[in-house]
There are 2 protein chains.
Amino acid sequence: MASKKVTIEDVARHAGVGIATVSRAINNGEGISAKTRTRILQKIEELGFVPNTSAQSLKVRLTNQIALAVPDIRNAIIPDIAWAVEQAAKAHGYRVVQINTAGNARAELEVVRDIKKLHVDGLIIMPLAYPKTLPELINKAGVPISVINYGKQLDSTLQADIVCLSMLEGQLVMDHLKQIGRSRIAYAGTQKDVIEDRYLAYERALDRVDASLVYFGDDFSLQTGTRAADYFHGLAHMPDAVYAVNDMVAIGLVNRFKELGVRVPEEVAVVGVDNNQWTTISSPQISSVSIMGSEVARLAAELLLKRIRDQIIGDYEKVQFEPRLIVRESSVSLKRSAMHDA
Amino acid sequence: MASKKVTIEDVARHAGVGIATVSRAINNGEGISAKTRTRILQKIEELGFVPNTSAQSLKVRLTNQIALAVPDIRNAIIPDIAWAVEQAAKAHGYRVVQINTAGNARAELEVVRDIKKLHVDGLIIMPLAYPKTLPELINKAGVPISVINYGKQLDSTLQADIVCLSMLEGQLVMDHLKQIGRSRIAYAGTQKDVIEDRYLAYERALDRVDASLVYFGDDFSLQTGTRAADYFHGLAHMPDAVYAVNDMVAIGLVNRFKELGVRVPEEVAVVGVDNNQWTTISSPQISSVSIMGSEVARLAAELLLKRIRDQIIGDYEKVQFEPRLIVRESSVSLKRSAMHDA
DNA sequence: CGGGTTTTCGGAATCGTTTCCGAAAAATTT
DNA sequence: AAATTTTTCGGAAACGATTCCGAAAACCCG
């Protein structure tokens, strides 16, 4: 049943040529006449020959696979990123091995340390925990690496291509909130060092931060938003705006506020980050910052694949995208309608 | 810099043993004394030796990789499925190659036809288009396959493990809607043959279907829901309930109804399928049917890995999970509060 | 048609493992 | 201590491709 396993030699024998010639036929190689090529190709079809990938890889030292290590495929913008990477890879004849690190420091280190065992030609990693020893491991990985970076200032000696935002997400949000006249601005996020820059922008934008207006939850989930809303609502003096670390938290906030009878945006304006599809579904629709997930991911993949193809070593690129603020109902009341900042 | 590439022979030489012995040390092989093993392991550490996966695969004929082919990683429950598969695979020392078929018939056929080129030991496929020739290709794939199946009745001669729902999602929804006294029940989905069974259940539950109450959109997106709401709203005689093919469509419906001033659930009850996390965020919260995505995926992975490990051939399993209806505000008004059906 | 180029082709080595099988060493028995 | 059994180890042959290099065939042109 399971066809006995036909090798390049079988093809050569049946076609009456040498194995070298068959190999040339497979790989569109030079130095082979059109007629013999078609004859061989036909025999290949006939015998159902499929080149053994392992043997090819062993000889050529390329696997046509890259690994993509993300925190959790189920969260927020990660599916967009995974999709963009897969599309780019496919366009270059590459496949993608998915790895979830769970935003776990050990897992992130492990994937980089053991990358050689992974049978891949390169790695795209989106670190969350970003343990201190990660850069060091990346530098000695021995395999091309692209880093998709959100919210962390990276050491520029890193031997990897880096694609990130210009770190202005936070500033965009804060500027907007101040511009619409809010003064008691709160922050809702996870631990401050997880997506560091989002929080730091908050501090930078204020003369002094009121510790009671900062809520740190456990994760990026809707629940964190819900809890944050409860917390802020319980305050003697409520904030008049909340800058949420991402859209999930923002949506959680808005929904809970609604349940508590707090009017958004009249009493409290809420702005998130990510600009995922749910921002337009939530009611009120959520103002948010587009962080260009697909574009970032696509570029990270392109850089990696180029590096692999051309065997570039050193000469690392660092590309920054510009985030864009999209104003919706959660920060500007319906009357003024939605508008888009370019 | 890039350590010259150290092979098993280097290790053997340095450790003063034969390569066969080193191999045994790596693979916890039999017939090797504890002391030589530890000595070799130490040398391996010292030299930074990493076994070449391609060479191993070439010899052993196993790649420790499986492929996961899904319509689109960005949609609905697919991230959950991808996550569950990756977890199960990791637990068995396997890696997962992600493939998006875009629900495209050609892509689905292609991945099965070319599975041998993919350097994997098995395939988990979640077909959407399900072209007629797919079963045939699956049967002659020559590689173990698990099928994650939603909404299609499969030919039982399929030579693959199948994990699916008991096809009762639709009936659960319809029973519920009828039980709460709705009589003009509409359906909102994609083309009827995409997730066939969800629609067929609709037909089955009614004495006769009123064609004007059936809306087919282009996809499973929020937009489809929005458009469906517009459509139903424009009808001379509106439905008093809508059964949506999935939660995205349900949420789109509910939101648009709200904008149009149609009260949910008082005027129109809406029930979706998937029970994703947004059902509890939407307002009103969406009644939905849990389709056990993670469990289904995990089992599909386990069956596949078992088949690979034990080299089972034939003797295919077909496992059905029972969907569960979860009643929320979009079908039962707030007064009666939310309740859960077990 | 003969000498010189250019194309086309095949043999054999190689990539880095695993594993069979026989030999050496150690352990056990007599 | 010799004989026998059991453990431990090493050499060498695969696994299935790619590719270098030399030889044969085809082509060119006066």
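Just so we're on the same page: letters track the sequence lines, and every chain starts at 1. The structure presented is a predicted model; accordingly, all values stated were derived computationally and were not measured.
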### Query
How many Å lie between CG on N64(B) and P on dT18(C), as a whole number?
12 Å

#### Entry: Closest heavy-atom pair and its distance - E302(B), A88(B)
OE2-CB, 4.1 Å

### Query
When L123(B) is tested against each of L304(B), I66(B), V112(B), L68(B) for side-chain contact (heavy atoms from CB on, under 4.5 Å), which residue passes?
V112(B)

### Task
Examine the side chains of T63(A) and D121(A) and answer whether a donor and an acceptor come within less than 3.5 Å of each other.
yes

### Query
If the sugar-phosphate is the primed atoms plus P, OP1 and OP2 and the base is the rest, what is the B/S/- string for nucleotides 9-16 of chain C, using protein heavy atoms under 4.0 Å?
BBBB-BBB

### Query
Nearest 0.5 Å, what's the CD-CZ distance between E9(B) and F49(B)?
10.5 Å

### Task
Starting at CD of E317(A), measure out to NZ of K306(A) and round the result to the nearest 0.5 Å.
6.0 Å

### Message
Rounded to whole Å, please give me the gap between CD1 in I40(A) and P in dT8(C).
### Response
13 Å

### Task
Test side-chain hydrogen bond (donor to acceptor under 3.5 Å, both in side chains) on Y130(B) and N149(B) and set out the steps.
CA-CA 10 Å; Y130(B) 218 101; N149(B) 174 49; over 6 Å; no

### Query
Looking at five pairs on each end of the helix from dC1(C)-dG30(D) to dT30(C)-dA1(D), what is the angle between the two axes, given to 10 degrees?
30°

### Task
Calculate the interatomic distance between L62(B) atom CG and dT17(C) atom C1'; express it in whole Å.
14 Å

### Query
What integer distance in Å separates N27(A):CG from dA17(D):P?
11 Å

### Message
Quick check on R309(A): does its CZ atom have over 12 non-hydrogen neighbours (other residues, nucleotides or ligands) under 6.0 Å away?
### Response
yes

### Task
Please round to the nearest 0.5 Å and tell me the distance separating atom CE of M126(B) and atom CD of E108(B).
10.0 Å

